[in-house]
Amino acid sequence: MPPAPDIASRRPRTPAEALELAAHALRAGRPQEAEALAAAVLKSDRSNSLAGQTLGSALLMQGRGAEAIEPLRALARRLADPAV
């Protein structure tokens, strides 16, 4: 039986799957990958708080805290989600 493909090598079919892959990338220490996945979800759904939080975390992991503020600020204006 061939080995299962690594989760990071899969192309996400849904926003939920993209965020799952982004979370996996964060845990695996690949913040650039997580950033790209979360940004793509946020681009298509500007009110996705999980995507915004994931993007913020990825940017923070890269030492780009100042850049993490604006996407979260924009989400906070759109949503009444205390997590944001």
Side-chain angles (χ1 to χ4, degrees):
M1 173 182 268
D6 180 63
I7 191 169
S9 67
R10 293 186 354 218
R11 170 167 255 142
R13 290 178 286 247
T14 65
E17 187 176 352
L19 291 174
E20 180 183 330
L21 291 171
H24 177 76
L26 283 177
R27 288 189 302 273
R30 297 189 311 269
Q32 295 89 353
E33 181 181 337
E35 176 189 356
L37 288 161
V41 172
L42 203 52
K43 186 176 179 180
S44 67
D45 179 3
R46 296 177 17 174
S47 294
N48 190 312
S49 62
L50 184 55
Q53 292 168 349
T54 304
L55 176 59
S57 294
L59 292 170
L60 285 172
M61 284 180 72
Q62 295 175 68
R64 297 164 54 197
E67 291 178 58
I69 294 170
E70 188 48 42
L72 292 171
R73 186 175 285 156
L75 271 172
R77 285 191 298 263
R78 283 195 260 324
L79 304 173
D81 185 347
V84 175

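Taking a cutoff of 4.0 Å between a charged side-chain nitrogen and a carboxylate oxygen, Glu20 and Arg13 do not qualify as a salt bridge.
Hydrophobic clustering, defined by side-chain heavy atoms of Ile, Leu, Val, Met, Phe, Trp and Tyr closer than 4.5 Å, leaves Ile69 isolated from every other such residue.
Judged as a side chain to side chain donor-acceptor pair (under 3.5 Å), the pairs with a partner in residues 46-55 (not counting sequence neighbours) are, in order, Ser49-Asp81.
Contacts of Arg27 classified as salt bridge (charged side-chain N to carboxylate O under 4.0 Å, His left out), with partners at least two apart in sequence or in another chain: none.
When all heavy atoms are compared, the tightest approach of Ala38 to Leu19 is CA-CD2, 4.4 Å. Contact record, Ala34 with Ala58: CB-CB, 4.1 Å, taken as the closest heavy-atom pair. Across every non-hydrogen atom of Pro31 and Leu26, the tightest pair is CA-CD2, 4.4 Å. Heavy-atom minimum distance, Val41 versus Pro15: CG2-O, 3.9 Å. Residues Gly52 and Leu72 approach most closely at O-CD2, 3.5 Å, considering heavy atoms.
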Report the C-alpha separation of Arg64 and Glu70 in whole Å, then their side-chain angles, then the decisive distance to 0.1 Å, and conclude whether the salt bridge (charged side-chain N to carboxylate O under 4.0 Å, His left out) test is met. CA-CA 11 Å; Arg64 297 164 54 197; Glu70 188 48 42; over 6 Å; no
Check the pair Glu67 / Gln62 against side-chain contact (heavy atoms from CB on, under 4.5 Å), numbers first and verdict last. CA-CA 10 Å; Glu67 291 178 58; Gln62 295 175 68; over 6 Å; no
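Rounding to the nearest 0.5 Å gives a distance of 11.5 Å between CZ of Arg11 and CD of Glu17.
If you chain together hydrophobic residues whose side chains sit under 4.5 Å apart, Leu75 and Leu50 never meet in one group.
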